Amino acid sequence: MEWAMSLLLNHPNVLEKARAHIDEYIGNKRLVQETDIPNLPYIQFIINETLRLFPAAALLVPHEPSEDCTIGGFDVARGTMVLVNAWAIHRDPMVWDDPLSFKPKRFEKMANEGYRFIPFGMGRRKCTGSGLANRVIWLVLASLIQCFEWKRVGEDLVGMS
Ligand code: HEM
């Protein structure tokens, strides 16, 4: 969550757009709620873009093949520890346009993220809590945007290290 807020503070235009969407769709008579999620996709794009640049589990969790296999041309023996570097995949210029920039809008055109956006892993052992996690993050982030005015204290960007 703090990554998303920091990125928003460093990209006030994105924050402004998110606020405008909330103002337009919900206004200020009631709080954002779970049923608003499908109607405000831009908030989800911000969450995705944050998880792309700063995946919570940069190397996912260690896996091991139950049989000898070949991955990307490499022979991998059964039982070998395999780490998937989601951090590197999420920032790979071969699969992302302008990968280091924070551009939530890029998710607008992504119908199928394929294998390049994997903050929750993929396949049979994918995070079982991804739906819950996304909803909770969505509600917290949307509430923070709806209820408060946010800006940096000075000109300096919020550090992301
Ligand atoms: C932003 C929040 C979260 C992130 C980024 C995250 C990420 C991940 C990742 C990367 C894995 C490993 C996938 C793999 O094997 O490659 C995982 C597994 C798992 N996560 Fe999450 N997770 C989050 C929240 C949650 C929540 C809220 C729950 C439960 C309520 C949860 C439950 C699990 C479980 C049970 C597994 C193991 C699945 C399996 O091995 O079959 N996670 N998560």
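In each ligand, atom 1 is the first atom listed, and ligand 1 is the first ligand listed. Computed over heavy atoms, backbone and side chain alike; hydrogens, waters and symmetry mates excluded. If you're wondering where the values come from, they're calculated on a predicted model, not measured in any experiment.
- Among protein heavy atoms, the minimum distance from atom 25 (C) of ligand 1 is reached at C127 SG, 3.6 Å.
- In the displayed structure, R135 atom CZ is contacted under 6.0 Å by at most 12 heavy atoms of other residues, nucleotides or ligands.
- Taking each heavy atom of Q146 and I26 in turn, the nearest pair found is NE2-CG2, 3.6 Å.
- Heavy-atom proximity to A133, at under 4.0 Å, picks out these atoms of ligand 1: 2 (C), 24 (C).
- When only non-hydrogen protein atoms are considered, atom 3 (C) of ligand 1 lies nearest to F120 CE2, 3.4 Å.
- Expressed to the nearest 0.5 Å, how far CG of L8 lies from CG of L141 amounts to 6.0 Å.
- The nearest pair of heavy atoms linking S101 to R106 is O-NH2, 3.0 Å.
- Among all protein heavy atoms, the one lying closest to atom 26 (C) of ligand 1 is G129 CA, 3.8 Å.
- Given atom 7 (C) of ligand 1, the protein heavy atom at minimum distance is P119 O, 3.7 Å.
- Classified by interplanar angle (parallel below 30°, tilted 30° to 60°, perpendicular above 60°), the ring pair F107/W96 is tilted.
- The cationic atom of R19 (NZ for Lys, CZ for Arg) does not lie both less than 6.0 Å from the six-membered ring centre of Y42 and within 45° of the ring axis.
- Set against the non-hydrogen atoms of A56, the atoms of ligand 1 under 4.0 Å away are 5 (C).
- Looking only at heavy atoms of the protein, atom 39 (C) of ligand 1 is closest to R125 NE, 3.3 Å.
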Q: Please lay out, stage by stage, how K109 and D97 fare under the test salt bridge (Lys or Arg N to Asp or Glu O under 4.0 Å).
A: CA-CA 12 Å; K109 294 200 187 75; D97 182 34; over 6 Å; no

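- Remark: distances from the non-hydrogen atoms of H63 to ligand 1 include one below 4.0 Å.
- Residue, atom and distance of the protein heavy atom nearest to atom 12 (C) of ligand 1 are V61 CG2, 3.6 Å.
- Here the heavy atom of the protein found nearest to atom 35 (C) of ligand 1 is T128 OG1, 3.0 Å.
- For atom 23 (C) of ligand 1, the nearest protein heavy atom lies under 4.0 Å away.
- In R30, the CZ atom is crowded: over 12 heavy atoms of neighbouring residues, nucleotides or ligands sit closer than 6.0 Å.
- For atom 30 (C) of ligand 1, the nearest protein heavy atom (residue, atom name, distance) is L132 CD2, 3.6 Å.
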